[in-house]
Amino acid sequence: MAQKTKARRILGDSFFSIFGLVMMNAAMQFVLFPSWSRTFGTEEYGNILYLLSYINIPAVSCGTALNYARMVASVRGETKNGDYNAVWLVLCLIAVPYSLAVTLLHNGTSFFLFFPLLCLTMIRYYADVEYRLHINYKGYCVYYLLIGLGYLLGVWLSRKSGYWESAMLLGEALGLAFVLIRGTTIRTGFFKTSSALRGCMKSTSILLATNLISNLIFNADRLLLRHLIDGTAVTVYYLATLIGKAMSLVTTPLNSVIMGYLARYQGKATWKMYRALLLILLALFVCATVGCTVATHIVIRLLYPDNYAAVKPLILIASVSQVIYFLTNVLTVVLLRFSAQRYQLYINLCFGISFVACAVPMTLQGGIEGFSAAFLIANLVRLGTGILLGIHALRTQSGEEEAT
């Protein structure tokens, strides 16, 4: 009976967390982004996606690093708000010259919109730790629903103002306001640090380096295709990966549930658990690839009919790449709980090296199709590295137990 109750609770938590984030991404991907495409045109829309990558790469990397560092530290004992707020403020200071450089070198955005959007996006990815620490996935759901509502209201705001950033600023601000008013994980003892600050900075730095590599490659379509081809190529590949990237983003709430429960699991990983995990990932690969491919054909035909002919040949390979990226994210969060944090860095270093080795020459030779193949190869390397390191961690654990 206790097992059934726990299973129902985990399923309920998964539903609330996934529902909230899916609704937020639906508002962004199927309402906000298409409105930008209609308002600004295909070429300029590609340029907006390109600029948005300069926000997503550091903001998602920093916010997620802080979030996961705190979740891992919570396994060992109580964590202090001030330690993580201090690191966030330092990262915001570093973001000042970065934002100035981006806005001076690229037309289409202002420092006074770019910088606050970067900082708010960063805190948004960290702030849901409020709900993960307390296993409050109903609150997590409301948090992301409010951000999605802000994006929907922002459609009107961006049309009226002519600034695409205003729509996202409204969504991020609504989410942060909810956490500050209803939560305690950020607001309480905001500036009060502890002796654990140095450890917090070290842990965050390792995860930040790892996430920067991963997110740089995840957004590389916008960066490389914009420079090697043009803004239209950015739009075409983005549309081919539209559902796949939305699916990849679902790993955030799924990983939240996994990490939340693993943080309370006091046992060790076993070979039986690892085999079960790999079988689950294999089943998810088959289901997700079919669902993602079919859904992308339907959605692009409905929302972007003028681009469908250009997007169609890329849909299958782009969907497979995104599904593999999604599955590896699930695998790495389990490894984060049961193995050394440096393993995360090893996985993404292999990811980065394989992508750099393949992407530029294959894009120059094969255009957007060559880029698609390069991204698939890099994701296969990332998944394979994660699986092998999981096996290595289990063997190391088994050797230590035999020695004792």
Side-chain angles (χ1 to χ4, degrees), residues 17 21 55-100 111-137 139-140 142-144 146-147 150 168-212 215 252-253 255-256 259-260 263 333 336 341 344:
S17 60
L21 200 63
I55 289 173
N56 286 338
I57 291 168
V60 175
S61 300
C62 295
T64 305
L66 276 170
N67 194 310
Y68 281 10
R70 187 160 190 179
M71 289 301 298
V72 172
S74 71
V75 176
R76 298 189 295 270
E78 186 181 0
T79 55
K80 299 294 182 182
N81 296 340
D83 294 339
Y84 297 87
N85 291 340
V87 177
W88 174 68
L89 290 172
V90 169
L91 293 170
C92 286
L93 287 175
I94 296 171
V96 173
Y98 170 82
S99 300
L100 277 171
F111 171 82
F112 298 102
L113 293 171
F114 185 94
F115 173 69
L117 180 55
L118 193 159
C119 293
L120 282 175
T121 305
M122 190 193 306
I123 195 72
R124 186 250 287 183
Y125 274 89
Y126 165 62
D128 68 29
V129 78
E130 163 77 29
Y131 310 105
R132 301 173 72 186
L133 283 172
H134 300 109
I135 312 290
N136 177 15
Y137 291 103
Y140 186 101
V142 174
Y143 175 69
Y144 280 104
L146 283 172
I147 295 170
M168 302 201 76
L169 278 168
L170 181 59
E172 310 297 3
L174 276 179
L176 179 59
F178 179 69
V179 172
L180 290 176
I181 292 168
R182 297 295 300 273
T184 59
T185 306
I186 297 175
R187 174 172 46 84
T188 307
F190 192 95
F191 295 106
K192 191 175 181 180
T193 59
S194 72
S195 58
L197 177 59
R198 181 175 292 184
C200 166
M201 295 178 70
K202 180 180 178 182
S203 178
T204 302
S205 297
I206 295 171
L207 292 172
L208 176 56
T210 300
N211 290 337
L212 276 172
N215 285 309
T252 302
N255 288 347
S256 295
M259 182 60 81
V333 82
L336 181 61
Q341 289 182 359
Q344 307 290 310

Inset, instruction - Kindly say whether Thr184 contributes a backbone atom to a donor-acceptor pair with the side chain of Asn81 at under 3.5 angstrom? - result: yes

Legend entry - Side chains of Gln344 and Ile206 in contact at under 4.5 Å (non-hydrogen atoms): no

Inset, instruction - For Ser74 and Met71, indicate whether the former's side chain and the latter's backbone hold a donor-acceptor pair under 3.5 Å. - result: yes

Inset, instruction - Output the distance between atom CD (Glu172) and atom OG1 (Thr121), rounded to the nearest 0.5 Å. - result: 4.0 Å

Inset, instruction - For residues Leu118 and Pro58, report the shortest heavy-atom separation together with the two atoms involved. - result: CD1-CG, 4.1 Å

Legend entry - Residue pair Thr185 / Val179, side-chain heavy-atom distance below 4.5 Å: no

Legend entry - Under 3.5 Å donor-acceptor, Asp83 side chain and Ser194 backbone: yes

Inset, instruction - Would you indicate whether Phe111, at its atom CZ, is surrounded by more than 12 heavy atoms from other residues, nucleotides or ligands within a distance under 6.0 Å? - result: yes

Inset, instruction - Answer yes or no: is there a side-chain heavy-atom contact under 4.5 Å between Leu89 and Leu93? - result: no

Inset, instruction - Can you measure from CG (Leu176) to CD1 (Ile181) and round to the nearest 0.5 angstrom? - result: 9.5 Å

Legend entry - Test item: Arg132 side-chain N/O and Asp128 main-chain N/O as donor-acceptor pair under 3.5 Å: no

Inset, instruction - Heavy atoms only: give me the nearest Arg187-Gly183 pair and the separation to one decimal. - result: NH2-O, 2.6 Å

Inset, instruction - Could you tell me which non-hydrogen atom of Pro116 sits nearest to which non-hydrogen atom of Leu169, and how far apart they are? - result: C-CD2, 3.9 Å

Inset, instruction - For residues Phe115 and Ser99, report the shortest heavy-atom separation together with the two atoms involved. - result: CD1-OG, 3.6 Å

Inset, instruction - Test Leu208 against every option in Leu91, Thr64, Val87, Leu66 by the side chain to side chain contact (heavy atoms under 4.5 Å, CB included) rule and name the one that passes. - result: Leu91

Legend entry - Asn211 side chain vs Leu207 backbone, donor-acceptor pair below 3.5 Å: yes

Legend entry - Within-4.5 Å side-chain heavy-atom neighbours: Arg124 and Tyr144: yes

Legend entry - Rounded distance (nearest 0.5 Å) linking atom CH2 of Trp88 with atom SG of Cys119: 6.5 Å

Inset, instruction - Would you confirm whether Thr204, through its side chain, and Cys200, through its main-chain N or O, come within 3.5 Å as a donor-acceptor pair? - result: yes

Inset, instruction - Indicate yes or no: at least one non-hydrogen side-chain atom of Asn67 is less than 4.5 angstrom from one of Tyr125. - result: no

Inset, instruction - Mark yes or no for whether Asn85, through its side chain, and Ile186, through its backbone, hold a donor-acceptor pair below 3.5 Å. - result: yes

Legend entry - Any side-chain heavy-atom pair of Asn215 and Asn56 under 4.5 Å: no

Inset, instruction - Using the side-chain contact (heavy atoms from CB on, under 4.5 Å) rule, take Tyr126 and Tyr84 through it: C-alpha gap first, then chi angles, then the decisive distance, then the call. - result: CA-CA 9 Å; Tyr126 165 62; Tyr84 297 87; 3.2 Å; yes

Legend entry - Shortest non-hydrogen contact from Ala86 toward Leu197: CB-CD1, 4.3 Å

Legend entry - Inter-residue atom distance Leu120.CG - Ile123.CD1, 0.5 Å rounding: 8.5 Å

Inset, instruction - Take the angle between the ring planes of Tyr98 and Phe114 and call it parallel below 30°, perpendicular above 60°, tilted in between. - result: tilted

Inset, instruction - Using distance alone, with no hydrogens and no angle criterion, decide if Arg182 and Tyr143 have a side-chain donor and acceptor under 3.5 Å apart. - result: no

